[in-house]
2 protein chains.
Amino acid sequence: MANILDVAVHAGVSRTTVSRVINDNDRVDDETRNKVLKSMKELGYRPSRLAQSLRKQKTGMIAVLVSRVSNPVNSILLQGIEDEAAKHGYNVILCNTENDAHKELKYLKMSQDQQVDGIIMTGIRNDYELVQSFEQYGPIVMISQYTEHDIFPAVTVDNFAAAYTATKHLVKLGHRKIGMVSGKRQSMILRDREAGFRKALSDSNIPLIEEWVKETTGFTIMNGKRYVDELFLAEERPTAVFAANDELAVGVIQGVKERGLTVPRDMAVVGFDGQFICTVIEPHLTTMAQPIEQLGSLGMSLLVQKLRGEMIHTQRIVLKTELIIRNSCGAKGM
Amino acid sequence: MANILDVAVHAGVSRTTVSRVINDNDRVDDETRNKVLKSMKELGYRPSRLAQSLRKQKTGMIAVLVSRVSNPVNSILLQGIEDEAAKHGYNVILCNTENDAHKELKYLKMSQDQQVDGIIMTGIRNDYELVQSFEQYGPIVMISQYTEHDIFPAVTVDNFAAAYTATKHLVKLGHRKIGMVSGKRQSMILRDREAGFRKALSDSNIPLIEEWVKETTGFTIMNGKRYVDELFLAEERPTAVFAANDELAVGVIQGVKERGLTVPRDMAVVGFDGQFICTVIEPHLTTMAQPIEQLGSLGMSLLVQKLRGEMIHTQRIVLKTELIIRNSCGAKGM
DNA sequence: ATGAAAGCGCTAACAC
DNA sequence: GTGTTAGCGCTTTCAT
């Protein structure tokens with residue numbers, strides 16, 4: 001591969017001039033420029049981004065940490081992120097943390113070693129004290145999740161309000177025995193969703209039965225089913241369930257159906273996220289939809305702003321959620 | 001940030017020695033090594049991968065080109081790829097080509113500029129002549145897809161045989177009016193699937209009705225529904241459909257159900273891929289499952305081999321598919 | 001408008 | 001076993 005010196009010699013100018021042509025922010029005589037351009041073309045020259053990066057101390061790389069890409073929500077988030085990154089000339093390094101604190105740290109250090117220009121995190125598994133120093137690894141923006149005291153700028157939805165509304169929907173339909181199935185409680189947004197759920201019940205003077213409120217190991221259909229299994233161990237069951245995510249909701253529906261019962265008649269279910277799975281399950285899932293791809297693209301553009309050194313006035317950008325009413329609660333159009 | 005010279009000075013040795021400690025493949029006196037290690041720790045030194053890359057002409061980066069990450073199959077592929085990459089110390093750059101020839105080329109050039117160590121492609125949109133010179137951008141391995149004349153080593157399944165088996169399954173159930181809905185025909189594996197489908201019919205002396213064999217713009221539920229719409233325009237319809245992918249199959253099922261008809265009674269459906277969506281749709285989808293995550297990890301390890309300069313004896317690694325019989329064909333256990 | 005020279009941070013010959 | 005030196009390919013003062 002031809003390098004900048006080859007081009008310079010070929011065009012009969014100095015490397016500096018060639019560099020000026022490449023970066024074209026400096027004044028170069030039109031004639032010289034054309035000469036250089038011609039040489040570059042003839043030699044098939046392409047500047048080494050490695051060398052540029054080393055010199056400029058900018059790589060044009062963004063590390064994106066997700067639990068697993070294969071998680072549907074994460075993959076959509078990533079879609080939004082990569083699209084937006086490409087628009088600004090950034091490349092995305094994919095990092096699967098597997099929700100593991102060590103891997104999270106490993107990728108953070110890699111980001112520093114690699115001198116990525118920025119880091120996007122979609123969750124955090126390390127402890128608060130450690131997290132406070134995370135920006136030593138690079139400028140960070142959070143998407144979907146956020147931290148206590150808003151250590152990093154974040155793009156999220158109002159999970160409390162969304163959960164509140166979703167739960168209220170069940171209340172309005174007349175339910176007074178309502179349960180909730182969630183993922184790992186340690187994440188801020190799941191705490192918010194649970195808090196919203198609890199507030200909606202107390203505001204409605206509905207007693208909260210702790211046995212009906214369960215944490216699970218994660219957002220899977222299987223965990224939704226298991227929740228139903230546990231529910232059926234007891235004498236009394238809720239007539240409605242708020243699931244903290246669509247997959248859990250699907251699991252609940254399947255669990256109920258497997259017992260020969262009917263959704264929503266025997267059990268109403270409302271989900272969270274609004275992915276495509278909602279209209280595959282029967283009955284179609286009523287859900288609190290969040291604009292996932294937009295969370296990704298907006299988060300990325302927030303990071304771009306930050307990298308440009310523009311003041312970030314917003315510590316948190318909150319996007320709108322929307323309750324999409326389908327058939328899993330028995331309330332078409334209400 | 002401390003650099004290698006800082007460490008050298010601090011430890012009272014030369015940069016070379018520090019470098020030797022970092023890469024520890026060279027003999028260094030134990031005492032010296034400890035001195036250096038101590039200095040590194042005290043200064044919080046981490047070697048710049050940028051500088052290392054420039055010097056070694058190796059970046060430890062792999063570019064992965066997919067149409068869109070948000071496509072479920074792609075995201076699982078990527079999961080397998082990134083996992084395996086991490087095991088070998090490689091990082092993955094995510095590239096969404098949107099099935100666009102220009103973007104494909106853009107990312108390929110970026111790969112070259114960035115001096116990635118290798119490239120994984122999961123599809124190709126450019127013309128054969130151009131593709132032949134693609135390795136100028138870096139060492140390439142293909143996953144899932146492959147090219148004519150096997151230009152690049154590839155990890156795939158036998159799509160012809162798989163489609164043949166899937167179709168034969170419908171035949172064995174007594175169907176003689178069978179249609180097929182596919183994605184873009186330009187891809188090799190879709191051609192194979194269609195060829196397998198056609199062969200299965202002709203081997204069974206079943207007439208092929210061209211009106212029932214349709215190409216669509218891509219693997220979406222909507223396109224599956226549209227296929228059913230077209231089917232219902234005609235007097236006569238197939239009693240069974242082979243869908244080239246699970247999403248299309250789900251669309252077909254939904255389309256049939258929306259007309260008040262029943263799957264599998266009025267229309268049997270078999271899919272392809274074997275993702276989780278199969279057990280969400282009602283009835284559960286009989287499908288030709290391929291080991292998607294394994295395709296990814298195996299493809300990545302093939303690339304690693306290639307980068308190590310090991311002879312690649314296999315031009316194509318073919319993984320097993322498996323027909324998973326559920327309820328969309330009315331043949332539990334047959 | 002152009003060039004000379006220094007240097008980003010590291011590794012690899014080669015010498016001792 | 002350790003150090004000297006050159007150089008990976010580029011950008012950026014500072015001159016002219």
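Here the structure is a predicted model, which is why all the values come from computation and not from measurement. Throughout, a chain's letter reflects where its sequence line sits, starting with A, and its residues are numbered from 1. Just the heavy atoms: all of them, side chains too, but no hydrogens, waters or symmetry mates, feed the values below.
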Enquirer: Report for the helix from dA1(C)-dT16(D) to dC16(C)-dG1(D): angle between first-end and last-end helix axes, five pairs each, rounded to 10 degrees.
Expert: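 End-to-end axis angle: 30°.
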
Enquirer: By the 4.0 Å heavy-atom rule, please label Asp26(A) as base, sugar-phosphate, or nothing.
Expert: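 Counting heavy atoms under 4.0 Å across all strands, no contact is made by Asp26(A).
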
Enquirer: Any side-chain to backbone donor/acceptor pair from Asn126(A) onto Ala101(A)? Under 3.5 Å, distance only.
Expert: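 Yes.
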
Enquirer: Does Val13(B) reach a base, just sugar-phosphate, or nothing at all? Heavy atoms under 4.0 Å.
Expert: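 Val13(B): backbone/sugar contact only, no base atoms under 4.0 Å.
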
Enquirer: Any donor-acceptor pair under 3.5 Å between the side chain of Thr32(A) and the base of dA1(C)?
Expert: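 No.
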
Enquirer: Quick one: how far along DNA chain D does chain B reach, first to last nucleotide 5' to 3', anything under 4.0 Å to a heavy atom?
Expert: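 First-to-last contact on DNA chain D, by the 4.0 Å heavy-atom rule, is dG1(D) to dG9(D).
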
Enquirer: By side chain to side chain donor-acceptor pair (under 3.5 Å), which residues pair with Ser187(A), not counting sequence neighbours?
Expert: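 Gln145(A).
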
Enquirer: Is it true that the side chains of Thr59(B) and Gln114(B) contain a donor and an acceptor less than 3.5 Å apart?
Expert: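 Distance-only check fails for Thr59(B) and Gln114(B).
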
Enquirer: Only one of Thr156(B), Asp192(B), Asn159(B) clears side chain to side chain donor-acceptor pair (under 3.5 Å) with Tyr146(B); which?
Expert: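 Among Thr156(B), Asp192(B), Asn159(B), the one that satisfies the side chain to side chain donor-acceptor pair (under 3.5 Å) with Tyr146(B) is Asp192(B).
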
Enquirer: Does dT11(C) have OP1 or OP2 under 4.0 Å away from a side-chain N or O of Ser19(B)?
Expert: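 For dT11(C), OP1 or OP2 has a side-chain N or O of Ser19(B) closer than 4.0 Å.
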
Enquirer: List the residues meeting salt bridge (charged side-chain N to carboxylate O under 4.0 Å, His left out) with Glu310(B), not counting sequence neighbours, and say none if there are none.
Expert: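 For Glu310(B) the salt bridge (charged side-chain N to carboxylate O under 4.0 Å, His left out) partners, ignoring immediate neighbours, are Arg308(B).
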
Enquirer: Checking all strands, does Thr16(A) fall into the base, sugar-phosphate, or nothing category for heavy-atom contacts under 4.0 angstrom?
Expert: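 Base contact - Thr16(A) has a heavy atom under 4.0 Å of at least one base atom.
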
Enquirer: Would you say that more than 12 heavy atoms from the other residues, nucleotides or ligands in this model lie under 6.0 Å from the NZ of Lys58(A), or not?
Expert: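 Not buried by this count: 12 neighbours or fewer within 6.0 Å.
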
Enquirer: If you measure from the Lys or Arg side-chain nitrogens to the Asp or Glu carboxylate oxygens, is any gap between Glu82(A) and Lys103(B) under 4.0 Å?
Expert: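 Looking at Lys103(B) together with Glu82(A), the answer is no, because their closest N to O distance does not fall below 4.0 Å.
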
Enquirer: Should the heavy atoms of other residues, nucleotides or ligands under 6.0 Å from NZ of Lys306(A) be counted, would the total exceed 12?
Expert: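 Counting neighbours around NZ of Lys306(A), more than 12 heavy atoms of other residues, nucleotides or ligands fall under 6.0 Å, so yes.
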
Enquirer: Any ion pair linking Arg46(A) and Asp113(B) (charged N to carboxylate O, less than 4.0 Å)?
Expert: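 Judged by the 4.0 Å cut-off on N to carboxylate O distance, Asp113(B) and Arg46(A) do form a salt bridge.
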
Enquirer: Are any protein N/O atoms closer than 3.5 Å to N/O atoms in nucleotides 6-9 of chain C? If there are, list each pair with its distance.
Expert:
unit_1 : atom_1 : unit_2   : atom_2 : d
dG7(C) : N2     : Arg55(A) : NH1    : 3.2

Enquirer: Are a donor atom and an acceptor atom from the side chains of Asn3(A) and Ser48(A) found within less than 3.5 Å of each other?
Expert: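 No - no donor-acceptor pair under 3.5 Å links their side chains.
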
Enquirer: Taking only residues two or more places apart in sequence or in another chain, which ones pass side chain to side chain donor-acceptor pair (under 3.5 Å) with Gln79(A)?
Expert: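 Checked Gln79(A) against side chain to side chain donor-acceptor pair (under 3.5 Å); matches are Asp83(A), Ser70(B), Glu98(B).
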
Enquirer: From CZ of Arg20(B) over to C1' of dA13(C), roughly how many Å is that when rounded to an integer?
Expert: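 So the CZ-C1' distance, Arg20(B) to dA13(C), works out to 10 Å.
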
